2 protein chains.
Amino acid sequence: MTQEDQFEKLLAFFKALADENRLKIIGLLASRSYTVEDLADALGLGASTTSHHLAKLAKAGLVSARTDGHYYIYSLQTDVLKDMSRQMLQEDELPKLSAPVSEDVFEQKVLATFLDSEGRIKAFPMQEKKYLVILRHVVKSFEMGKRYTEKQVSETLAAFNEDFALLRRDLVDYKFMAREGGGREYWRLE
Amino acid sequence: MTQEDQFEKLLAFFKALADENRLKIIGLLASRSYTVEDLADALGLGASTTSHHLAKLAKAGLVSARTDGHYYIYSLQTDVLKDMSRQMLQEDELPKLSAPVSEDVFEQKVLATFLDSEGRIKAFPMQEKKYLVILRHVVKSFEMGKRYTEKQVSETLAAFNEDFALLRRDLVDYKFMAREGGGREYWRLE
DNA sequence: GAATCAATTCGATAAACATCAATATGTATT
DNA sequence: AATACATATTGATGTTTATCGAATTGATTC
């Protein structure tokens with residue numbers, strides 16, 4: 001299982017138990033098996049709602065049902081419960097939870113937030129760190145080693161946002177591009 | 001600690017961890033301590049949102065903060081994590097989760113659902129079991145041993161719902177009240 | 001004490017979720 | 001086959017919750 005799967009599994013596990021009535025269901029099933037209706041009566045919920053909760057618990061692998069006559073008998077599946085709690089006790093397992101947090105994910109999130117479907121900049125991020133993500137993305141439109149006139153640079157940047165002058169200035173200020181001849185020639189730095 | 005406190009604590013624990021970003025925070029803090037801003041950057045969230053998440057985790061006792069200069073340094077509190085996972089491993093602890101499930105709780109829930117803030121019946125439950133809770137509640141407006149005219153009964157019931165005739169009939173049908181003289185006198189039965 | 005910086009709180013918005021009632025599905029019993 | 005019954009699914013509604021940006025608080029430094 002990949003680490004991201006593991007993360008998703010753990011998240012689903014906690015979400016499954018993060019509800020008052022589902023937690024009570026686990027408590028009830030810990031003593032004995034129940035039909036859906038019996039659980040619904042014990043909890044004071046409708047049968048449909050109870051069924052919905054059981055479906056969530058089953059999806060997380062916490063309960064299972066066997067059919068018996070008219071009824072579905074639900075019982076507790078202690079394996080997942082034990083696996084998860086064991087994982088929480090091992091401290092060296094916890095850092096793996098942050099594996100999904102990578103620069104790639106962060107950058108994709110920023111780009112998804114501030115670019116529209118055509119790749120234009122909807123808004124400029126307030127946070128500098130996010131703005132740098134935008135600039136790093138924008139500068140990829142220029143080839144390394146190639147020289148550009150100011151007009152060429154402006155036209156390329158205008159495809160991202162009408163305020164191409166701001167982009168042009170910040171690309172230089174943040175050292176993504178350099179210029180010489182008072183702005184006659186531009187080139188990409190990183 | 002009472003069992004209900006224990007239940008609330010466990011529920012708060014699961015709710016605290018039932019969020020993608022809060023789970024990632026736990027993962028990050030498992031490696032080292034972070035400031036709020038660093039966490040916000042790593043997660044691609046605003047500082048206020050991150051602060052909100054940390055507050056939830058802190059309330060569940062999962063993280064703690066110490067102040068250092070301008071910064072608040074958040075770190076993981078492994079005790080609660082260990083306590084909770086240990087509890088899940090002990091099967092005899094689980095049935096206690098269902099302790100909050102009592103008739104009282106059920107009745108209160110039904111009443112909260114179907115009565116408005118002034119105690120009037122918003123809607124009539126479809127489920128008979130819940131309707132009985134309503135009737136049992138309504139009949140408390142009448143004193144045991146006292147006789148009432150139909151007009152008195154109707155006026156008292158009208159305070160609960162405009163369909164006082166339905167309530168009057170069902171109170172009799174379900175044996176909460178009795179009448180004689182073809183409806184000239186009513187009295188409470190249970 | 002004024003200015004600065006991080007963190008929290010507040011107010012608003014949008015998405016997720018629990019719940020219900022009604023309908024559909026599917027299994028047993030006649 | 002037909003009916004009856006328990007469960008699942010659907011559609012609708014109200015509540016909760018995650019998120020943001022702005023304003024405020026709190027603490028530090030000059």
Side-chain angles (χ1 to χ4, degrees), chain A residues 11-12 14-25 33-41 43-60 63-74 109-110 112-114 122-131, chain B residues 11-12 14-25 33-41 43-60 63-74 106 109-110 112-114 116-117 122-131 134:
Chain A
L11 183 58
F14 284 121
K15 282 194 173 182
L17 293 174
D19 176 87
E20 183 180 341
N21 287 314
R22 285 197 293 272
L23 207 50
K24 287 177 184 170
I25 288 176
S33 299
Y34 278 81
T35 67
V36 177
E37 231 184 17
D38 286 349
L39 284 173
D41 284 348
L43 298 168
L45 295 177
S48 64
T49 304
T50 307
S51 180
H52 160 251
H53 284 315
L54 286 167
K56 282 208 167 182
L57 289 171
K59 204 168 182 182
V63 306
S64 66
R66 68 187 161 81
T67 166
D68 175 67
H70 279 276
Y71 303 92
Y72 279 32
I73 314 273
Y74 275 90
K109 208 162 188 173
V110 172
T113 304
F114 293 98
K122 283 189 294 190
F124 289 95
M126 295 284 294
Q127 282 179 271
E128 185 177 39
K129 182 163 183 181
K130 293 181 184 174
Y131 187 45
Chain B
L11 183 59
F14 284 121
K15 281 195 173 183
L17 292 173
D19 176 86
E20 183 182 341
N21 287 314
R22 285 198 291 272
L23 207 49
K24 286 178 184 171
I25 288 175
S33 299
Y34 278 80
T35 66
V36 177
E37 235 186 13
D38 285 349
L39 284 172
D41 285 349
L43 297 168
L45 294 176
S48 65
T49 304
T50 307
S51 181
H52 161 251
H53 284 315
L54 287 168
K56 282 208 166 180
L57 290 170
K59 205 168 181 182
V63 304
S64 66
R66 66 185 163 83
T67 166
D68 175 66
H70 279 278
Y71 304 91
Y72 280 32
I73 313 273
Y74 274 90
F106 174 56
K109 206 161 190 174
V110 172
T113 303
F114 293 98
D116 66 17
S117 53
K122 284 190 294 192
F124 288 95
M126 295 288 294
Q127 282 179 271
E128 186 177 41
K129 182 166 181 179
K130 293 182 185 175
Y131 188 46
I134 298 291

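The chains referred to below are lettered A, B, ... by the order of the sequence lines, with proteins before strands, and numbering in each begins at 1. Source: prediction; values computed, not measured. Atom set for the values below is all heavy atoms of this structure, side chains included, hydrogens, waters and symmetry mates excluded.
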TODO: Send over the distance from B:Lys15 NZ to D:dT15 C1', rounded to a whole Å.
DONE: 11 Å

Task: Closest contact, heavy atoms only, A:Ala65 versus A:Tyr72 - done: CB-CD2, 4.4 Å

Open item on the list: Between B:Leu43 and B:His53, is there a side-chain heavy-atom distance shorter than 4.5 Å?
Closed with: no

Task: Phosphate OP1/OP2 of D:dA18: any B:Lys56 side-chain N/O under 4.0 Å - done: yes

TODO: Nearest 0.5 Å please: distance from the OH atom of B:Tyr34 over to the CG atom of B:Asp41.
DONE: 11.0 Å

Task: Gap between atom CG of B:Leu39 and atom CG of B:Leu45 - 0.5 Å precision - done: 9.5 Å

- [ ] Rounded off to whole Å, could you give me the NZ-to-P distance for the B:Lys24 and D:dA18 pair?
- [x] 14 Å

Open item on the list: Taking the axis from the first five pairs and the axis from the last five, what angle separates them in the helix from C:dG1-D:dC30 to C:dT30-D:dA1, rounded to 10 degrees?
Closed with: 30°

Protein-nucleic acid N or O pairs under 3.5 Å, nucleotides 7-9 of chain D:
{"residue": "D:dT7", "atom": "OP1", "partner": "A:Val36", "partner atom": "N", "Å": "3.2"}
{"residue": "D:dT7", "atom": "OP1", "partner": "A:Tyr72", "partner atom": "N", "Å": "3.4"}
{"residue": "D:dT7", "atom": "OP1", "partner": "A:Tyr72", "partner atom": "O", "Å": "3.4"}
{"residue": "D:dT7", "atom": "OP2", "partner": "A:Glu37", "partner atom": "N", "Å": "3.1"}
{"residue": "D:dA8", "atom": "OP1", "partner": "A:Tyr74", "partner atom": "OH", "Å": "2.8"}
{"residue": "D:dA8", "atom": "OP2", "partner": "A:Ser51", "partner atom": "OG", "Å": "2.7"}
{"residue": "D:dA8", "atom": "O5'", "partner": "A:Ser51", "partner atom": "OG", "Å": "3.4"}

Open item on the list: Classify the ring geometry of A:Phe14 against B:Phe14: parallel below 30°, tilted from 30° to 60°, perpendicular beyond 60°.
Closed with: tilted

- [ ] Applying side chain to side chain contact (heavy atoms under 4.5 Å, CB included), name anything that partners B:Thr35, two or more places apart in sequence or on another chain.
- [x] B:Glu37, B:Asp38, B:Tyr71, B:Ile73

TODO: Output the distance between atom OH (A:Tyr74) and atom OG (A:Ser33), rounded to the nearest 0.5 Å.
DONE: 12.0 Å

TODO: Calculate the interatomic distance between B:Leu45 atom CG and D:dT17 atom P; express it in whole Å.
DONE: 18 Å

Open item on the list: Just verifying a value: how many Å separate B:Leu17 CG and A:Leu17 CG, rounded to the nearest 0.5 Å?
Closed with: 10.5 Å

Task: Set of residues satisfying side-chain hydrogen bond (donor to acceptor under 3.5 Å, both in side chains) with respect to B:Asp19, sequence neighbours excluded - done: none

Task: Upstream residue (5' side of DNA chain C) when A:Thr67 and B:Phe124 are each assigned their closest nucleotide - done: B:Phe124

Task: Separation of B:Leu57 CG from B:Lys15 NZ (nearest 0.5 Å) - done: 14.5 Å

Open item on the list: Reading DNA chain C from 5' to 3', where do the contacts with chain A start and stop? Cut-off is 4.0 Å to heavy atoms.
Closed with: C:dC17 to C:dA28

Open item on the list: Taking side-chain hydrogen bond (donor to acceptor under 3.5 Å, both in side chains) as the definition, give me every residue that meets it alongside A:Thr49, ordered by chain and number, with sequence neighbours left out.
Closed with: none

